[in-house]
Amino acid sequence: MTFLNAASLFVQAGGLVILCFGMVKVAYVPLALYFNWFQRSKPPKHRYSVLSERPLVSVIVPGYNEAVVITKCVESILASRYLRLEVILVDDGSTDSTAQIMAGLADQYDRVRFLSQSNAGKGAALNFGIAAAQGDILMFVDADGIFAPDTLMNMLEGFDHPKVGAVCGDDRPVNLNRVQTMMLAVLSHVGTGLVRRALSLLHCLPIVSGNIGAFRSDLVRQLGGFHEDTLGEDLELTWRVYKAGYRVRFQPKALVYAESPSTMGGLWRQRVRWSRGLLQTLRLHRGMLGRPRYGMFGPFLVFNAITMVAIPMLQLFILAVLPYLYLAGEGPVPGEVFAILGWLGLFVSLALACFSIGLNRSWKDLRFVWTLPLWPLYSVFVGLALASAIVKEIKGSPAKWNKLQRTGVISVTATESTFRNEVST
């Protein structure tokens with residue numbers, strides 16, 4: 001067997017693996033539907049929720065150079081219909097006017113406190129806030145988040161069982177002024193509206209978003225807070241919640257709108273950071289992979305590692321080899337079959353996007369589905385970011401916060417849909 005024949009067979013086998021794992025994800029559709037039905041079918045009188053206990057909620061907002069966005073974030077939190085809250089602002093050694101603005105907000109509002117530290121990273125800033133928090137529930141929010149009025153109440157309703165240790169809300173782009181952010185808005189519906197519903201139902205939700213996540217205060221302290229030397233501090237803490245025997249819930253009605261990267265450079269840095277966070281968490285908790293003692297979450301981590309790490313790298317290899325194979329007349333798939341698969345993939349992607357947007361009742365975002373042809377390019381982009389992250393991890397490159405440069409852009413349509421969603425659901 002020649003090298004070209006072997007490469008062609010490998011590409012065929014790799015393509016089949018990718019297709020199989022992709023088809024497994026189609027199972028998320030009925031699971032997401034069942035999630036909605038299950039939430040609505042349970043009579044209110046049989047629902048337990050920590051909300052009935054009226055706990056004090058500590059909303060911790062870490063910030064580094066957030067002068068453009070911090071005021072709107074705090075004002076949206078204070079406008080919440082749930083009043084038993086305190087807001088803890090933590091400045092992580094900002095070089096702009098963030099500290100002065102935070103201090104001014106603390107002077108202006110009784111429920112706001114301001115803390116400041118030398119620049120030490122996001123994890124350290126969060127732990128500083130945790131040490132000062134008095135709440136029964138700790139909620140962690142990025143400084144660019146815009147809350148809906150009922151977001152806090154919906155988050156608390158997610159604590160519907162004593163073994164629920166954390167609740168994740170739904171974060172969506174607020175800056176819909178670029179083609180890139182329009183595409184990310186549609187992708188966020190699929191990733192959160194669809195996938196988080198399904199994985200929450202299976203008790204396999206792997207991350208409580210650092211942009212809208214709530215945890216039981218005593219559990220966070222029992223676990224020792226956030227690791228300060230990892231980039232995926234929210235992901236890593238979530239896995240420790242499962243390791244401690246607790247569950248994680250998704251609350252789709254708990255909405256926060258935040259900035260998505262509006263430049264290619266910003267998106268690249270974010271995806272590399274996320275990929276490094278995943279790789280670091282996999283290394284730290286490799287003993288959890290496949291272990292049934294953690295319920296379905298242990299076996300799911302194997303599937304998650306394959307789909308998030310192995311599959312993207314396999315895709316990059318296949319894309320790199322395919323042109324040479326076709327030029328040499330050893331193309332693994334006839335051209336007409338390739339075209340059929342391409343159109344089928346586009347149709348399935350369109351169906352999933354429309355279904356996910358419908359689940360979230362964000363019908364106006366259907367106007368962004370024209371960005372669908374960009375998805376294959378985005379998939380390659382994410383694969384390259386993962387490859388870069390792997391190289392950085394091997395080299396031991398410093399792990400920096402490396403946060404997005406804020407623009408302060410708030411699309412009227414996004415803000416309007418926040419409140420419309422709260423009314424319609």
Side-chain angles (χ1 to χ4, degrees), residues 50 57-64 88 90 92 120-133 135-143 145 155-156 158-159 161 163-171 192 196 199-200 203-251 254 256 258 270 273-289 291 293-295 297-298 300-301 304-305 308 399-403:
V50 75
V57 178
S58 296
V59 184
I60 300 173
V61 188
Y64 175 75
I88 300 176
V90 184
D92 185 41
K122 187 176 182 179
L126 288 167
N127 285 335
F128 194 20
I130 290 170
D136 308 291
I137 300 293
L138 302 179
M139 189 164 177
F140 306 108
V141 182
D142 286 347
M155 289 291 283
L156 291 176
F159 290 94
H161 189 279
K163 294 303 289 184
V164 173
V167 175
C168 180
D170 191 350
D171 45 338
T192 57
R196 286 184 186 175
L199 295 183
S200 178
H203 303 308
C204 291
L205 187 62
I207 182 171
V208 175
S209 172
N211 199 27
I212 180 166
F215 295 77
R216 294 185 186 273
S217 174
D218 55 352
L219 176 60
V220 172
R221 291 187 165 90
Q222 172 191 325
L223 296 176
F226 289 92
H227 282 184
E228 299 180 8
D229 56 352
T230 59
L231 287 170
E233 68 285 329
D234 48 0
L235 179 71
E236 192 280 328
L237 180 60
T238 304
W239 289 26
R240 276 189 283 145
V241 168
Y242 281 103
K243 186 177 282 188
Y246 286 81
R247 307 171 189 169
V248 174
R249 286 276 194 269
F250 173 55
Q251 280 293 90
V256 65
Q270 183 189 70
R273 185 176 74 248
W274 287 2
S275 295
R276 291 192 68 184
L278 173 60
L279 295 170
Q280 291 169 1
T281 303
L282 280 169
R283 186 177 68 250
L284 285 170
H285 298 292
R286 56 189 178 276
M288 294 182 69
L289 273 67
R291 298 288 294 276
R293 64 178 295 185
Y294 305 113
F297 189 66
F300 166 77
L301 287 180
N304 188 58
M308 299 298 292
K400 299 179 181 178
W401 187 341
N402 202 15
K403 58 174 286 296

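As the structure is a computational prediction, the values presented were derived from the model and not from experiment. Just so you know, these numbers use all the heavy atoms, side chains as well, and skip hydrogens, waters and symmetry mates.
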Passing candidate, side chain to side chain contact (heavy atoms under 4.5 Å, CB included) with R240, options L223, V220, L219, T281: L223
Whether R221 side chain and D218 backbone form a donor-acceptor pair below 3.5 Å: no
From R291 atom CZ to L301 atom CG, the distance as rounded to the nearest 0.5 Å: 12.0 Å
Passing option when L231 is tested against K122, R276, E236 for side chain to side chain contact (heavy atoms under 4.5 Å, CB included): R276
CA sep, side-chain torsions, deciding dist, call: F300, L199, side chain to side chain contact (heavy atoms under 4.5 Å, CB included): CA-CA 10 Å; F300 166 77; L199 295 183; 3.7 Å; yes
Short side-chain to backbone donor-acceptor contact, S200 and F250, under 3.5 Å: yes
Nearest heavy-atom neighbours spanning V164 and F159: O-CD2, 3.5 Å
For A258 against N211, the heavy-atom pair lying closest together: CB-ND2, 3.1 Å
Whether Y242 side chain and P206 backbone form a donor-acceptor pair below 3.5 Å: no
For the student: nearest non-hydrogen atoms of L156 and V50, plus distance: O-CG1, 3.3 Å
Nearest heavy-atom neighbours spanning C168 and L205: CB-CD2, 4.0 Å
Sidechain-backbone polar pair: R196 side chain, I207 backbone, donor-acceptor under 3.5 Å: no
Donor-acceptor contact below 3.5 Å, side chain D92 vs main chain G121: yes
Parallel, tilted or perpendicular: rings of F140 and F226 (30°, 60°): perpendicular
Minimum-distance pair of heavy atoms, taken over all atoms of A214 and V208: N-CG1, 4.1 Å
Side-chain donor/acceptor of R293 to backbone N/O of G298, under 3.5 Å: no
I212 to M155 - nearest heavy-atom pair and separation: O-CE, 3.7 Å
